[in-house]
Amino acid sequence: MTKTPAEIGIMAEAGGLLALVFAYLDGLPLQGMTTLDVNDLVEAFIVDRLGARPASKGQYGYGFVLNSSRNEVVCHGVPSKDEIIRDGDIVNFDITLETGGYIADSSKTYMVGQVSAPARRLVRTSYEAMWKGIRAVRPGVTLGDIGHAIEKHAKAAGYSIVRDYCGHGIGREMHEDPQVLHFGRPGHGLTLREGMVFTIEPMLNQGRPTVRTRSDGWTVVTTDGKLSAQFEHTVAVTRDGVRVLTLRDDETPLAA
């Protein structure tokens, strides 16, 4: 579960390229586009501009380079030519990228046009909750400490944490050990050590935490139809703290 400094260096390169993908997405006029339009543009950017490999395409038989999860979709939404991004939507794009044999994974929820105040609050709190988890990372703490920090922030704001999906170790494979739950008890679970690399990616729901999978076998939605939001970063445990390998230029490290 631990990586060498050289391996983490390569993963930081992959993370830097993935940050450029989100910078590209930031400049797209999402309103009126289809989620398949976004997928195709991102694929061209990764392959043609960055010279990297979209790691999600072909993984577990998946045919696209990203997941696009709008409104009540919690995760694993499938891009479609029939799904139009509309004014007032919140939409998460979850993207992976491989270069040099190592994978980086990140996601961001976008607010499109005139988004309602409750939806904006959910998105903001989801971003803060991710950073609460990242702030807890350092050698000697446990995975339970991370999950507790995330869950405490979400619950204080009146939201629930999706328990069916979690963060994960990452490296040469997209999904490695350990599993990183977004809830937990302080002092419980695996103890972190320098060189571990994993994702932190909490999904917060406006309503109940329960979810279901649609008939396509991929798209996960809230059971009550209420909104869900998510953010994700790939992080490495350092000697005295944490390094965010997918940090974007518009972010301040450890900001919340």
Side-chain angles (χ1 to χ4, degrees), residues 1-3 7-26 38-39 42-43 45-47 50 52-69 73-79 91-110 126-127 129-131 133-134 137 143 146-147 150 162 164-182 192 195-203 218 220 228-237 242-249 251 253:
M1 284 187 288
T2 59
K3 308 293 189 293
E7 288 176 309
I8 292 174
I10 298 171
M11 295 191 71
E13 291 178 16
L17 292 178
L18 188 50
L20 293 177
V21 176
F22 283 98
Y24 172 69
L25 269 176
D26 291 346
V38 177
N39 176 87
V42 167
E43 180 170 18
F45 187 83
I46 292 174
V47 175
L50 301 181
R53 181 179 72 87
S56 296
K57 190 171 185 179
Q59 179 86 357
Y60 310 123
Y62 189 68
F64 304 91
V65 305
L66 55 77
N67 292 116
S68 53
S69 302
V73 179
V74 175
C75 61
H76 302 164
V78 179
V91 55
N92 176 276
F93 294 111
D94 190 343
I95 308 170
T96 62
L97 180 152
E98 179 267 323
T99 190
Y102 288 86
I103 298 170
D105 189 356
S106 187
S107 84
K108 178 178 179 178
T109 296
Y110 287 82
S126 300
Y127 184 68
M130 176 192 68
W131 277 106
I134 293 172
V137 175
L143 290 177
I146 296 172
I150 293 168
V162 173
D164 299 65
Y165 299 92
C166 62
H168 51 86
I170 189 169
R172 288 192 177 275
E173 302 295 331
M174 188 182 302
H175 296 113
E176 301 179 354
D177 289 332
Q179 290 190 335
V180 182
L181 303 181
H182 302 119
L192 302 189
M196 286 182 170
V197 181
F198 49 84
T199 68
I200 294 177
E201 48 182 297
M203 289 149 262
W218 289 103
V220 177
S228 185
Q230 179 190 21
F231 287 86
E232 175 185 10
H233 272 312
T234 298
V235 304
V237 183
V242 62
R243 179 182 181 187
V244 182
L245 303 181
T246 47
L247 190 73
R248 300 183 288 273
D249 284 345
E251 295 179 297

Aromatic plane relationship, Trp218 with His76 - under 30° parallel, 30 to 60° tilted, over 60° perpendicular: perpendicular
Return yes if some donor-acceptor pair links the side-chain N/O of His182 with the main-chain N/O of Val162 below 3.5 Å, else return no. no
Is it true that His175 and Tyr60 have ring centroids separated by less than 6.0 Å? yes
Taking side chain as C-beta onward, heavy atoms only, is Phe22 less than 4.5 Å from Glu251? no
If only atom types and distance count, is the side chain of Ser68 paired as donor or acceptor with the main-chain N or O of Phe93 below 3.5 Å? no
Which heavy-atom pair separates Thr109 from Phe231 by the least distance, and what is that distance? N-CE2, 3.4 Å
How about Val73 and Val91: do any of their side-chain heavy atoms sit closer than 4.5 Å? no
Would you name the heavy atoms of Glu232 and Met130 that are closest together and state the gap between them? N-SD, 3.5 Å
Closest non-hydrogen atom pair between Gly77 and Ser69, with its separation: N-OG, 3.3 Å
Kindly say whether Thr246 contributes a backbone atom to a donor-acceptor pair with the side chain of Thr234 at under 3.5 angstrom? no
Taking all heavy atoms of Val197 and all of Ala236, pick out the closest pair and write down the distance. CG2-CB, 3.9 Å
Counting distance only, does the side-chain N/O of Gln230 pair as donor-acceptor with the main-chain N or O of Glu201 below 3.5 Å? yes
Is Glu173 atom CD crowded by more than 12 heavy atoms from other residues, nucleotides or ligands, each under 6.0 Å away? no
Interatomic spacing from CG in Leu245 to CD1 in Ile10 - rounded to 0.5 Å: 12.0 Å
Run Lys3 and Glu176 through salt bridge (Lys or Arg N to Asp or Glu O under 4.0 Å) and show every step you take. CA-CA 12 Å; Lys3 308 293 189 293; Glu176 301 179 354; 3.1 Å; yes
Flag for Thr96-Ser56: side-chain donor and acceptor within less than 3.5 Å: yes
Report yes or no: does Asn39 contribute a side-chain atom to a donor-acceptor pair with the main-chain N or O of Pro79 at less than 3.5 Å? no
State the CE-CG distance between Met196 and Leu143, to the nearest 0.5 angstrom. 7.0 Å
If you measure from CG on Asp177 to NE2 on His168, what distance do you get to the nearest 0.5 Å? 11.5 Å
Would a 4.5 Å heavy-atom cut-off, applied to side chains only, mark Ile150 and Ile200 as touching? yes
Close side-chain approach of Leu192 and Phe198, heavy atoms under 4.5 Å: yes
Do Tyr62 and Val78 have side chains that approach each other closer than 4.5 Å (heavy atoms only, starting at C-beta)? yes
Contact between Asn92 and Cys75 at the side-chain level, heavy atoms closer than 4.5 Å - yes or no? no
Compare every heavy atom of Ala52 with every heavy atom of Glu98, then report the nearest pair and how far apart it is. O-CB, 3.6 Å
Nearest heavy-atom neighbours spanning Cys166 and Gln179: SG-CB, 3.9 Å
Taking the side chain as C-beta and beyond, is there a heavy-atom pair between Tyr110 and Val38 under 4.5 Å? no
Given Ile46, Leu97, Leu50, Leu25, the one that forms side chain to side chain contact (heavy atoms under 4.5 Å, CB included) with Leu20: Leu50
Measure the shortest side-chain to side-chain distance between Asp26 and Lys108 over non-hydrogen atoms and say whether it is less than 4.5 angstrom. yes
